[in-house]
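The analysis underlying the following values was restricted to heavy atoms, covering all of them including side chains, and did not include hydrogens, waters or symmetry mates. Nothing fancy with the numbering, it's 1 onward along the sequence.
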Amino acid sequence: MLTPDVVTALTRLAAEVEPPGLLPAREQMALSLGWHIVLACFGVAFPAMIFVMHLRGIRHSDPVALGLAKRWAKVSAVLFAIGAVSGTVLSFEMGLLWPGLMGTYGDVLGLPFAFEGLAFFLEAIFLGIYLYGWGRMPAKRHVLMVLPMAVTGIIGAYCVLAVNAWMNVPTGFRIVDGQVTDVEPWKVLFNQHAFLQFAHMWVGAYMLTGFTVAGVYAVGMLRGRRDAHHRLGFLVPFVFASIAAVTQPFVGHVLGFGLDERQPAKLAAFELAETTESPSPLRLGGVLVDGEVKWSIDIPRLGSLIAMNSPDKPVPGLDTIPEEDHPPVNMTHLAFQTMVGIGTLLAAAVVLFWFQRRRGRDLLEKRWFLRFAAAAGPLAVVALEAGWIATEVGRQPWIVYDVMRTTDAVGDYTASLWWLLGISTVVYTAMTVGAVVVLRSMARRWRAGDADLPSPYAPEVSS
């Protein structure tokens, strides 16, 4: 007789037996998404920085600003080219690795992916017009070609984030007799969670891009290149990064509103809440070992205040959630705290920089600050990757929250996926090395006085 206890035990056993293709599929998706997301950030944020720099050059007749805008455009073209490869790979992987998801919900997700593809092609068109329009178009018309690049980059990113938001808060369909019906694609595209999740990612893109570009010029200043070119090249992206860094904690906090109702297991993992405590402490660090929290620093009441916006409302503990629905707690918790910790550090650093600048003290003259600025870009990358790990791993074991488990979405194959992962690792490594070689070659030629390279990736012509 199937008593409730027996049913629970069988459900738990089924959840523990993972399909053999699940691990390689997860590793492949993590590699592809983790690599591509960095390039996607440049596609979202870099056009705005190029536009500001180019506009400054026109308005102030500033050859330094115009030169920087021209160089940045060529760097953007290189990044766009390799990003197109990784983005195409991701689109194929959605169907190859997760046929259960796309086979069942393809009609639901079709519209956002279609708009993302259209935005990508339009971005490529206007990037080409802008890149090869130097000296061929009136200056005021030419600079306007950056705006469609910026807009289409934002639209493409929003469409992808809308799909991910839908996976966290599914809407726009009904399931009748096991079949997906009554699909409302516009409701999926503009679901209630998409705007806030996109805002969090959008601000993060400006942090990553701004700190990374500024860090390039910080390294140059550390090497003694303290001319107007390097100072302006540092300040413009650093302004974007500064605004994003001080804004991001507020956006992230608003995004977390209602997480205890939407995904209580994810919130419990974020906060490392083994049991429900009132009020809940804020746990810094720590891991869950055999159901017990160890090595954490607990700050009383602050967990309730930050997570629940209340001095005493408890954070729902993992003890209130069936064990088979628990995410990988330690990975989720540490990724979340890594994101928050680095974000807080970067926000504090930019506040210090502008406060000191207002008092007449230029931290660009301090080597310790330049070293920190050079490291800020990699730190922003780590924070962004950690944020995605927290979001995606924290949703497990669901690929579509409370609707489809990840084990039901993965394809029924194993050996081929391990080969695919190995090949992808080699390809991504080669593309990374190639991009670094090309960009360093361009930088060397620019420093040597070659102001007008024939194209972003043309080889140097021997005389």
| field | Arg231 vs Glu365, salt bridge (Lys or Arg N to Asp or Glu O under 4.0 Å): CA-CA, chis, key distance, verdict | value | CA-CA 11 Å; Arg231 292 185 71 86; Glu365 300 298 326; 3.3 Å; yes
| note | Shortest non-hydrogen pair, Leu31 vs Leu421, comes out as CD2-CD1, 4.0 Å
| query | How far apart are the closest heavy atoms of Met442 and Val78, and which atoms are they? | reply | SD-CG2, 3.9 Å
Close side-chain approach of [X] to [Y], heavy-atom, < 4.5 Å:
X	Y	value
Thr152	Phe120	no
Cys159	Phe113	no
Arg395	Val400	no

| request: Kindly compute the distance separating CG (Asp62) from CE (Met53), expressed to the nearest 0.5 Å. | output: 8.5 Å
| query | For the atom pair CD1 (Ile306) and CG (Leu282), what is the distance rounded to the nearest 0.5 Å? | reply | 5.0 Å
| Got more than 12 heavy atoms from elsewhere within 6.0 Å of CE, Met331? | no
| Exam field: side chain Ser304 to backbone Ser280, donor-acceptor pair closer than 3.5 Å | yes
| Does the pair Arg361 and Arg357 meet the rule for a side chain to side chain contact (heavy atoms under 4.5 Å, CB included), with working shown? | CA-CA 5 Å; Arg361 299 173 183 173; Arg357 191 176 181 88; over 6 Å; no
Would you kindly say whether [X] and [Y] are connected by a side-chain donor-acceptor distance under 3.5 Å?
X	Y	answer
Asp227	His230	yes
Gln28	Ser424	yes
Trp35	Thr432	yes
Gln263	Asp402	no
Gln192	Thr171	no
Tyr206	Thr247	no

| message | The test is side chain to side chain contact (heavy atoms under 4.5 Å, CB included); show your working for Met29 and Leu90 and say whether it passes. | response | CA-CA 8 Å; Met29 201 70 189; Leu90 272 171; 3.8 Å; yes
| request: Tell me, with the steps shown, if Glu271 and Phe336 meet side chain to side chain contact (heavy atoms under 4.5 Å, CB included). | output: CA-CA 9 Å; Glu271 302 298 323; Phe336 177 73; 4.2 Å; yes
| query | What pairs meet the ring-ring contact (aromatic ring centres under 6.0 Å, His included) rule with one or both residues in residues 141-166, with sequence neighbours excluded? | reply | His54-His142, Tyr105-Trp166, Tyr130-His142, Trp134-His142, Tyr158-Phe195, Tyr158-Phe198, Trp166-Phe173
| query | Can you say whether the rings of Phe369 and Phe372 are parallel (under 30°), tilted (30 to 60°) or perpendicular (over 60°)? | reply | tilted
| Mutual orientation of the aromatic rings belonging to Phe238 and Phe234 [parallel < 30°, tilted 30-60°, perpendicular > 60°] | parallel
| message | Just to verify, what does Gln337 make a side-chain hydrogen bond (donor to acceptor under 3.5 Å, both in side chains) with, not counting sequence neighbours? | response | none
| message | Checking side chain to side chain contact (heavy atoms under 4.5 Å, CB included) between Phe270 and each of Val329, Val340, Val315, Leu259, which is the one that passes? | response | Leu259
